[in-house]
Amino acid sequence: MRIAVTGAAGSLGGRVVQLLADRADVDVVAMTRRRLPAEALPPQVEVAVADYADPPALRAALKGVDTLVLVSSDGPDARVLLHHRNVVAAVAAERVGHVAALSSVDADMASPFCYAVVNRLTEDLLLASGVPCSFARASLYIEFFQAWLTEARATGLLRLPAADGRISLVARDDVARALAALAVGEPTGRHHDITGPESVDLAGIASIAAEAWETPVVYVDIPADTYCAETAATGLDPWWLYGLFVHVRLGARAALGSSPKRLHPADRPRPSRSPRRPVGTRVRVGHRRAGNDDDRRGVEVAGGG
């Protein structure tokens, strides 16, 4: 099986490449925007330089590919959507047999968060293309949230405009494992929610952090306009971050899996009867408690539809 991975120079795409390269039955094509140092990827991995904005290069990289792992582009939302449109066109032109695409648990056209809208539009583009798909809808990365926790550790205050909204934080490595598992399986024709093992409000996260660090940390719910002004003062664009926390307040990042079943090549979800419209499933990922006989990282899926 020949599997290509976009965004292979990034943290998530690079981890997916590593996981797939460990398999004897997979030939991996790492798609990157620029040539990488030889030591950046496993030696058996083929590198294809193909920018999201370069349709001919995308088509060349996808020739002979059975499955594509589509890791999202980055940058302004309109540019990301254009990049994804280019990838979908190349996938269809080269008759790729399966796309395992990264998305988000809040993928929704009505979302106030711009990237949730982009993710839903990307899903719709893939479905309209007729290419068999599987969607990994990931929750908010722990690594992304770490910046706010680092500041909270120094100040004792976790100051964000999230009200009592809950978040199921997920490790990037677990999302990579779920994408790799979907890539080596048959297309499921539906989405899979990749979440942490529990959903916690920000007061709960502050409490967990305080216990782990043995230092006081409390959550302070600040007004959205205060957050925007403070963020803008640092030189960052507050709009998309504000949109994210609006969605957190609405509960759109609190999804959890239920009735879990392992998601791995030997026990993958069956394809849905109609691949044209994704039917929801939910995945939980996390770590079992240390000391258990079965102490290992879990990637789990609950079937739906």
Side-chain angles (χ1 to χ4, degrees), residues 11-12 15 102-108 111-116 119 136-178 193-231 234 236 238-258 260 282-292 295 297-300 302:
S11 298
L12 179 59
R15 182 59 177 144
L102 177 66
S103 187
S104 60
V105 293
D106 55 355
D108 188 344
S111 173
F113 183 40
C114 58
Y115 294 108
N119 287 332
R137 288 186 175 179
S139 189
L140 191 65
Y141 297 149
I142 293 172
E143 293 84 355
F144 181 82
F145 201 82
Q146 186 66 42
W148 291 299
L149 289 176
T150 299
E151 182 179 351
R153 187 174 189 176
T155 65
L157 300 176
L158 181 60
R159 300 176 69 257
L160 290 169
D164 58 355
R166 304 178 76 86
I167 308 175
S168 54
L169 295 172
V170 64
R172 185 183 285 116
D173 189 68
D174 286 331
V175 177
R177 291 174 182 273
D193 289 350
I194 317 297
T195 78
E198 60 182 319
S199 178
V200 187
D201 62 19
L202 270 69
I205 292 174
S207 177
I208 293 168
E211 181 180 356
W213 294 332
E214 297 182 346
T215 186
V217 179
V218 297
Y219 169 56
V220 179
D221 178 33
I222 61 175
D225 56 354
T226 299
Y227 177 78
C228 287
E230 292 180 355
T231 303
T234 68
L236 296 176
W239 187 89
W240 70 269
L241 287 170
Y242 164 71
L244 170 62
F245 286 108
V246 169
H247 231 197
V248 169
R249 290 200 301 271
L250 294 172
R253 289 278 175 163
L256 278 180
S258 58
R282 296 175 187 247
V283 177
R284 281 194 306 197
V285 292
H287 294 84
R288 296 183 181 272
R289 291 185 180 274
N292 287 354
D295 182 22
R297 188 183 308 274
V299 180
E300 304 173 320

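- Under the 3.5 Å distance criterion, the side-chain polar atoms of Thr234 are matched with a main-chain donor or acceptor of Thr231.
- Closest heavy-atom contact between Ala178 and Ile194: CB-CD1, 3.6 Å.
- Side-chain N/O atoms of Asp106 and Ser104 include a donor and acceptor closer than 3.5 Å.
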Report task. Determine, step by step, whether Asp221 and Leu202 satisfy the side chain to side chain contact (heavy atoms under 4.5 Å, CB included) criterion, reporting the C-alpha distance in whole Å, the side-chain angles of both residues, the deciding distance to 0.1 Å, and the verdict. Result -> CA-CA 9 Å; Asp221 178 33; Leu202 270 69; over 6 Å; no
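- The two residues Asn119 and Ser103 come nearest to each other via the heavy atoms CB-OG, 3.4 Å.
- In terms of modelled atom types and a separation under 3.5 Å, the side chain of Arg15 and the main chain of Asp173 share no donor-acceptor contact.
- For Asp225, the CG atom counts as densely surrounded, since its 6.0 Å shell holds more than 12 non-hydrogen atoms of other residues, nucleotides or ligands.
- Scanning both residues, Ser168 and Ser139, for their nearest heavy atoms gives O-OG, 2.7 Å.
- A heavy-atom distance below 4.5 Å is not found between the side chains of Ile208 and Glu211.
- Between Glu230 and Ile222, the closest heavy-atom pair is OE1-CD1, 4.2 Å.
- Taking 4.5 Å as the limit, every side-chain heavy atom of Tyr219 sits out of range of all side-chain heavy atoms of Ile205.
- For Trp148 and Phe245, the distance between ring centers is under 6.0 angstrom.
- A 4.5 Å side-chain heavy-atom check between Tyr141 and Leu169 finds every atom pair outside the cut-off.
- The two atoms that bring Ser199 and Arg166 nearest to each other are O-NH2, 2.8 Å, heavy atoms only.
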**Report entry** side chain to side chain contact (heavy atoms under 4.5 Å, CB included) evaluation trace for Leu158 with Val218
**Finding:** CA-CA 6 Å; Leu158 181 60; Val218 297; over 6 Å; no
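- In terms of heavy-atom proximity, Ile142 sits nearest to Ala171 at CD1-N, 3.8 Å.
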